[in-house]
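Report on one structure; see the data block that follows.
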Amino acid sequence: MDYMLWNGRIVPKGEVRVDPEDRGYQFGDGVYEVIRVYHGNLFAEAEHFTRLERSLKELRIPFPYSLEKLSRQVNELVRLEKLEDGIIYLQVTRGTAPRAHAFPQEAEANVIAYASPYPRPVDTIVNGGSAILAEDIRWLRCDIKSINLLGNVLAKQAAKEAGALEAILHRGKTVTEGSSSNLFMVKEGKLFTHPLNSLILNGITRQVVVKLAHQLKIPLVEETFTIDQLFAADELFITSTTNEITPILTVDGKKIGHGVPGVISRQLQEAFERRIALLKA
Ligand code: PMP
């Protein structure tokens with residue numbers, strides 16, 4: 001990574017300076033996006049920008065220039081870095097101001113973005129992974145893609161220490177989503193996932209999977225389900241920008257279904273591959 005987008009300009013990485021009084025640094029007062037790049041092109045760019053705009057609006061952070069310009073610059077970064085398969089990290093904080101909790105009177109949002117290589121996790125996509133259950137201790141606005149990620153960080157660390165790929169979060173008996181992914185289960189040919197509300201992130205990969213399920217005529221039920229239902233599922237998979245569609249074969253060491261990637265998971269993965277292939281020049 002040689003370049004960064006920093007407050008409206010693309011500069012050599014070494015020129016970027018984060019002020020200790022950046023509100024992102026002191027309060028976690030900001031939002032972010034992670035956008036996938038396949039074959040040198042942004043995947044689902046419009047959806048990411050729509051979500052970014054919404055997160056900013058919910059937190060009342062004015063974006064300092066046009067999102068069209070931001071989009072041009074992000075695409076320029078991909079070209080400059082000659083990135084084929086990778087990710088864009090994009091972060092917007094409320095700005096730099098003397099430390100006080102309430103919004104500063106005069107502060108302009110700080111914008112940072114960079115593009116870096118990120119190989120597709122082929123092994124877990126093909127062979128699946130394991131998960132643990134963890135209590136969802138996050139705040140009640142998980143729909144905002146905020147840079148406050150401690151609840152997610154602690155859950156992911158618990159998964160890592162258990163040798164698992166992901167932590168599946170639950171509020172009481174209800175399963176919500178993964179620590180950095182959305183969650184789907186298959187039962188008797190139907191696909192189930194948590195409805196869109198303030199308890200989960202409106203994942204871009206989730207949006208794509210919802211569309212693909214519709215095209216493939218796989219019935220989709222956007223309703224909450226419980227831990228007991230999860231353990232009785234035929235198939236389970238997580239979705240995210242970096243992990244795409246990853247089958248989950250065990251949870252807390254217990255097999256889900258036959259303990260192998262399921263038929264519907266595979267069908268959706270194949271359709272997802274076709275979407276990616278569309279980005280080839
Ligand atoms: N939920 C949470 C909590 C996440 O952190 C992520 C990934 N950022 C997702 C869901 C999946 O979202 P996306 O498909 O947009 O990467």
Side-chain angles (χ1 to χ4, degrees), residues 28 30-38 42-56 58 74 85-92 113 115-116 118 120-121 124-125 129 131-160 164-171 174-185 191-213 222 224 236-248 265 268-269 271-273 275-276:
V31 301
Y32 76 107
E33 283 294 325
V34 177
I35 310 174
R36 204 61 165 96
V37 175
Y38 294 112
L42 270 68
F43 183 77
E45 181 186 350
E47 288 83 351
H48 280 284
F49 274 77
T50 299
R51 185 171 67 184
L52 174 68
E53 212 172 356
R54 181 179 182 276
S55 295
L56 289 167
E58 290 300 312
V74 163
D85 281 322
I87 53 163
I88 300 282
Y89 179 77
L90 167 59
Q91 178 180 296
V92 185
S116 53
Y118 192 99
R120 295 184 62 193
T124 47
I125 292 172
I132 59 162
L133 288 173
E135 184 71 41
D136 194 343
I137 61 166
R138 301 172 303 163
W139 73 330
L140 298 173
R141 290 304 307 272
C142 298
D143 55 317
I144 299 171
K145 200 160 170 61
S146 133
I147 58 175
N148 273 277
L149 289 170
L150 273 178
N152 310 67
V153 166
L154 293 177
K156 187 71 98 190
Q157 181 61 21
K160 189 178 170 190
L165 180 70
E166 180 59 302
I168 293 172
L169 306 178
H170 61 94
R171 289 191 191 267
T174 302
V175 176
T176 51
E177 61 179 340
S179 74
S180 64
S181 59
N182 291 109
L183 181 72
F184 289 78
M185 72 165 196
L191 197 54
F192 292 79
T193 196
H194 195 287
L196 289 181
N197 61 23
S198 56
L199 297 183
I200 66 160
L201 185 74
N202 183 358
I204 305 302
T205 323
R206 180 189 185 283
Q207 292 176 29
V208 173
V209 166
V210 165
K211 280 192 196 132
L212 294 177
E222 291 183 78
T224 59
L236 201 62
F237 62 85
I238 53 169
T239 64
S240 77
T241 294
T242 49
N243 281 307
E244 303 181 3
I245 300 173
T246 294
I248 294 296
S265 307
L268 288 163
Q269 283 182 320
F272 196 77
E273 274 315 317
R275 277 286 306 260
I276 294 172

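Atoms within a ligand are numbered from 1 in the order they appear, just like the ligands themselves.
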List of N/O pairs, ligand 1 versus protein, all under 3.5 Å?
unit_1   : atom_1 : unit_2 : atom_2 : d
ligand 1 : 1 (N)  : Glu177 : OE1    : 2.7
ligand 1 : 8 (N)  : Lys145 : NZ     : 2.5
ligand 1 : 14 (O) : Ile204 : N      : 3.2
ligand 1 : 14 (O) : Thr205 : N      : 2.9
ligand 1 : 14 (O) : Thr205 : OG1    : 2.6
ligand 1 : 15 (O) : Arg51  : NH1    : 2.8
ligand 1 : 15 (O) : Arg51  : NH2    : 3.0
ligand 1 : 15 (O) : Ile204 : N      : 2.8
ligand 1 : 16 (O) : Thr241 : N      : 2.9
ligand 1 : 16 (O) : Thr241 : OG1    : 2.6

[Y] versus [X], side-chain donor and acceptor atoms under 3.5 Å:
X	Y	result
Asp136	Thr176	yes
Glu244	Thr205	no
Glu222	Thr193	no

Could you give me the CA-CA distance, side-chain angles and deciding distance for Phe192 and Phe184, then say whether ring-ring contact (aromatic ring centres under 6.0 Å, His included) is met? CA-CA 6 Å; Phe192 292 79; Phe184 289 78; over 10 Å; no
Qualifying residues under side-chain hydrogen bond (donor to acceptor under 3.5 Å, both in side chains), relative to Tyr118, sequence neighbours excluded: none
Should the pair Asp85-Arg36 be classified as a salt bridge under the 4.0 Å nitrogen-to-oxygen rule? no
